[in-house]
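Remember, predicted model here, so these are calculated numbers, not experimental data. Whatever order the structure lists them in is the order used to number ligands and atoms, beginning at 1.
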Amino acid sequence: MTDTPPENLELLYEGKAKKVYQTELPYEVLVWFKDDATAFNGAKKGQIHSKGLLNNAISSLFFELLDSRGVKSHYIRKVDDRSMLVKKLKIIQIEVVVRNIAAGSLSQRLGLPEGRVLAHPVVEFYYKDDSLGDPLINNSHISVLSLATPEDLKYLTEQSLLVNSILKEHLLARKIKLVDFKLEYGFSDKEILLGDEISPDTCRFWDYDTNEKLDKDRFRRDLGNVEEAYQQLYDRLKG
Ligand code: TMP
Ligand code: ASP
């Protein structure tokens, strides 16, 4: 077991769910997944036992699947239970959310009942800024804030829709609905790569038959059995 962060590497950054360490190679960093969980922009804090292990394993599986289908990401390889080696990125300050089924903030904002299947995937952009609470933004805001060029934004949108179709199909074969998810991207040299993680922290997964939630909404909404839900998702992905 590797339940302690590396001591020999320089800590570059500590986020809400991960620590990032510099490796000996300037272009490679180690991502170490914590059990810490937050919600509502850090207003709710807790721990989910084994979350770091499960999110590392689940993200690795998804990045490997996407790589096999031609989606380039920062992922290099899983190193141990809690960490993966990735390419160092200059993060684009946009969170791309793709939605197939209404839930969460979309349901609140547009008055759509949770569970309403959307006629086509909805792509949204959020400004990645914790002090502002990650507000929803549009192309015009992105341009005025110089967060991405129109060409790069088009690429982010197309890649995110491609990721959606690959993950949606893969999950459906395992009787899981991909409700929505959030992606982040960054530059490695001049190339844009998918970054961050793809896990129950950043996606909504529902059981196909029962709509049981297999993601962080169990923590956000105090539904119980949080670790069990993450474990079940992992087992079904692996199985
Ligand atoms: P939302 O319905 O709260 O806007 O969330 C949409 C999706 O994005 C959901 O799968 C959770 C994910 N998400 C994050 O990963 N980080 C965030 O900060 C937020 C607000 C949502
Ligand atoms: N916004 C993230 C979430 O709810 C985490 C946080 O807000 O602290 O998933």
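A salt bridge does not link E212 to R236: none of the charged side-chain nitrogens sits closer than 4.0 Å to a carboxylate oxygen. Taking 4.0 Å as the cut-off between side-chain N and carboxylate O, R109 and E124 count as a salt-bridged pair. With respect to D180 and R204, a salt bridge is recorded, a charged nitrogen being found less than 4.0 Å from a carboxylate O.
With respect to atom 10 (O) of ligand 1, the closest heavy atom belonging to the protein is D180 OD1, 2.5 Å. Scanning the protein heavy atoms around atom 4 (O) of ligand 2, the nearest turns out to be R220 NE, 3.1 Å. For atom 4 (O) of ligand 1, the closest heavy atom belonging to the protein is S105 OG, 2.6 Å. Of all protein heavy atoms, the one closest to atom 19 (C) of ligand 1 is E95 OE1, 4.8 Å. The shortest contact between atom 8 (O) of ligand 2 and any protein heavy atom is with T38 OG1, 2.4 Å. Remark: minimum distance from atom 8 (O) of ligand 1 to any protein heavy atom is reached at K182 CB, 3.5 Å. Among protein heavy atoms, the minimum distance from atom 5 (O) of ligand 1 is reached at R204 NH1, 3.5 Å.
Near K16, meaning under 4.0 Å from any of its heavy atoms, are these atoms of ligand 2: 6 (C), 7 (O), 8 (O). Of all atoms in ligand 2, numbered sequentially from 1 with element shown, those under 4.0 Å from a heavy atom of N41 are 6 (C), 7 (O), 8 (O). Atoms of ligand 1 lying under 4.0 Å from any heavy atom of D201, numbered from 1 in the order shown and given with element: 15 (O). Of all the atoms in ligand 1, the ones that sit under 4.0 Å from a non-hydrogen atom of G104 are 2 (O). Taking every heavy atom of F181 and a limit of under 4.0 angstrom, the matching atoms of ligand 1 come to 10 (O). Residue G42 has at least one heavy-atom neighbour below 4.0 Å for each of these atoms of ligand 2: 6 (C), 7 (O), 8 (O). Taking every non-hydrogen atom of R220 and a distance limit under 4.0 Å, the qualifying atoms of ligand 1 come out as 11 (C).
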| message | One pair to check against side chain to side chain donor-acceptor pair (under 3.5 Å): Q47 and D36. What are the steps and the verdict? | response | CA-CA 4 Å; Q47 284 229 327; D36 296 348; 2.4 Å; yes
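The number of heavy atoms from other shown groups lying within 6.0 Å of NZ (K72) does not exceed 12. For NZ of K182, the number of neighbouring non-hydrogen atoms (other residues, nucleotides, ligands) closer than 6.0 Å is greater than 12.
Contact annotation for K216 and ligand 2: only side-chain heavy atoms (C-beta onward) come within less than 4.0 Å of the ligand. For K16, no heavy-atom contact with ligand 1 is shorter than 4.0 Å.
A cation-pi arrangement is present between K177 and Y208 under the rule of less than 6.0 angstrom and at most 45 degrees off the ring axis.
Not a single heavy atom of K216 sits closer than 4.0 Å to an atom of ligand 1. Heavy-atom distances between E114 and ligand 1 stay at or above 4.0 Å for every pair.
Closest of all the heavy-atom pairs between L194 and L66 is CD2-CD1, 3.8 Å.
When each of L147, D134, I94 is checked for a side-chain contact (heavy atoms from CB on, under 4.5 Å) with Y127, only L147 meets the rule.
Centroid-to-centroid, the aromatic rings of H141 and F125 stay 6.0 Å apart or farther.
In this structure, atom 21 (C) of ligand 1 has no protein heavy-atom contact shorter than 4.0 Å.
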